[in-house]
Amino acid sequence: MHWMVRWAGPFPIFVDRGKGAHFTCVDGHEYLDLCLGDTGAMTGHAPEATVQAVVAQAQRGFTFMLPNEDAIWVAGELSRRFGLPFWQLALSATDANRFAIRLARHLTGRSKILVFNYCYHGSVDETFVTLQDGVARSRPGNIGPGVDPTLTTRVVEFNDLPALEAALAHGDVACVLAEPVMTNVGIIHPADGFHEALRRLTREHGALLILDETHTICAGPGGYTREHGLEPDMLTVGKPIGGGVPVGVYGFSAELAERMQSRIALDECDTGGIGGTLAGNALSLAAVRATLEHVLTPGLYERTIPLAQRFTEGVEAVIARHRLPWIVKQLGCRAEYWFRPEPPHNGGEAVAAVDSELDQYMHLCALNRGILMTPFHNMALIAPDTTEADIDRHTQAFAESVAQLFEDS
Ligand SMILES: Cc1ncc(COP(=O)(O)O)c(C=O)c1O
């Protein structure tokens, strides 16, 4: 886990076991988990229905390189939730994005993709591009890119429609890959009318629209897409849909399916650069079926979204009490505080407010009070087993950390 080098504190926590919204470390300390595997465990740890389905499937075989009945059920349920009729399986959200991008390039015959500044879509080569002083450059820290990613990718700021239009006007963009709300550089909501314009402009310029719901599935059972009636050509999601068991899926419209059939040579498709031997394995499918049927249900959101609201209000009250120039943003069952006075409109603005030392301090204070926040951001995700008392425990820890910050300075 390469990111552990940025861990707050002198040693990592080694986990013994987790259940619901809590885990215990090998030293026997119990933690409230607001990181939740950074969304892989949004369902809570070891959800009962998923555990039972995985155990039952393990006894019947892990992987066959053949479909089973769960595949039919899962595809049907994904269609019902997200409104796209056809689905493919991968082992991670990263792979789902990689495969969706390949299909987009293949179908449009165009070479480039477009992403928003400071996006994160997994370790997808094409996405490691940021704007530096307004110029697209390989993102600092990008390890061993095969080609300069500015050759493969156009990048504009989120919510910047003139820049989006100008970038698409080159006519070489196969697809826009976007989270419908940015979540990996703070929560950045789309401005009014942004999604309508994004859809109109992509259609006008012949680019496909891929929405990545891997984190924004915190907004509802059909993600932000369904909550807000968005109409992507493709949709990708992974992490919590298997209750934490590795899986990624990508869905596409009937129109795209038709184009694929006429553009993909079936006798060569196994070397086409998408898919994988374990993609669609029986274990992942059993996990997804049980999770979608019994865990990641409308009831989960009815329970968790009000708790995220309680988290937001608790933190806001402390911020107001100390007159701090900080904000809290909420998206469904996810909330995050950020060290700037106004909500950022885009990734560039959000990154300018990063204070790594303060981040580390807040994380360490939380850890010392038995609470794990999502590393690098100050993000909290609420599981169905999280309680009001858990949320208030965080508010109390947050209040103490802030008070101590000013006492000590
Ligand atoms: C929006 C988004 N998409 C895709 C991914 C990649 O997920 P994974 O690392 O499970 O492949 C992430 C990971 O954080 C993500 O935040």
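For the numbers below, each heavy atom of this structure counts, side chains included, while hydrogens, waters and symmetry mates do not. Model, not experiment: these values are computed from the prediction. Just so you know, ligand 1 is whichever comes first in the structure, and atom 1 is the first atom listed for that ligand.
Here Lys19 does not pair with Asp33 in a salt bridge; the nearest charged N to carboxylate O distance is not below 4.0 Å. Between Arg203 and Glu231 there is a salt bridge, with a side-chain nitrogen of the basic residue lying less than 4.0 Å from a carboxylate oxygen of the acidic one. The pair Arg80-Glu77 meets the salt-bridge criterion, since a charged nitrogen lies less than 4.0 angstrom from a carboxylate oxygen.
Listed by number with element, the atoms of ligand 1 under 4.0 Å from a non-hydrogen atom of Ser92 are 11 (O). Distances below 4.0 Å separate heavy atoms of Lys239 from the following atoms of ligand 1: 7 (O), 10 (O), 12 (C), 13 (C), 14 (O), 16 (O). Short contacts between ligand 1 and Asn184, defined as distances under 4.0 Å to a heavy atom of the residue, involve ligand atoms 1 (C), 15 (C), 16 (O). Shown in contact with Asn97 at under 4.0 Å from a heavy atom are these atoms of ligand 1, numbered in order with element: 3 (N), 4 (C). Per-residue contacts place Glu179 under 4.0 angstrom from the following atoms of ligand 1 (heavy atoms of the residue considered): 1 (C).
Going from atom CD of Gln330 over to atom CZ of Phe311 covers 10.0 Å, rounded to the nearest 0.5 Å.
At the top of the distance list for atom 9 (O) of ligand 1, counting protein heavy atoms only, stands Thr94 OG1, 3.7 Å.
In Asp212, the part holding a heavy atom less than 4.0 Å from any atom of ligand 1 is the side chain.
Between Phe252 and Tyr250, the angle of the ring planes lies from 30° to 60°, which puts this pair in the tilted group.
Defined by atom type and a distance below 3.5 Å, a donor-acceptor pair is missing between the side-chain atoms of Asp160 and Asn346.
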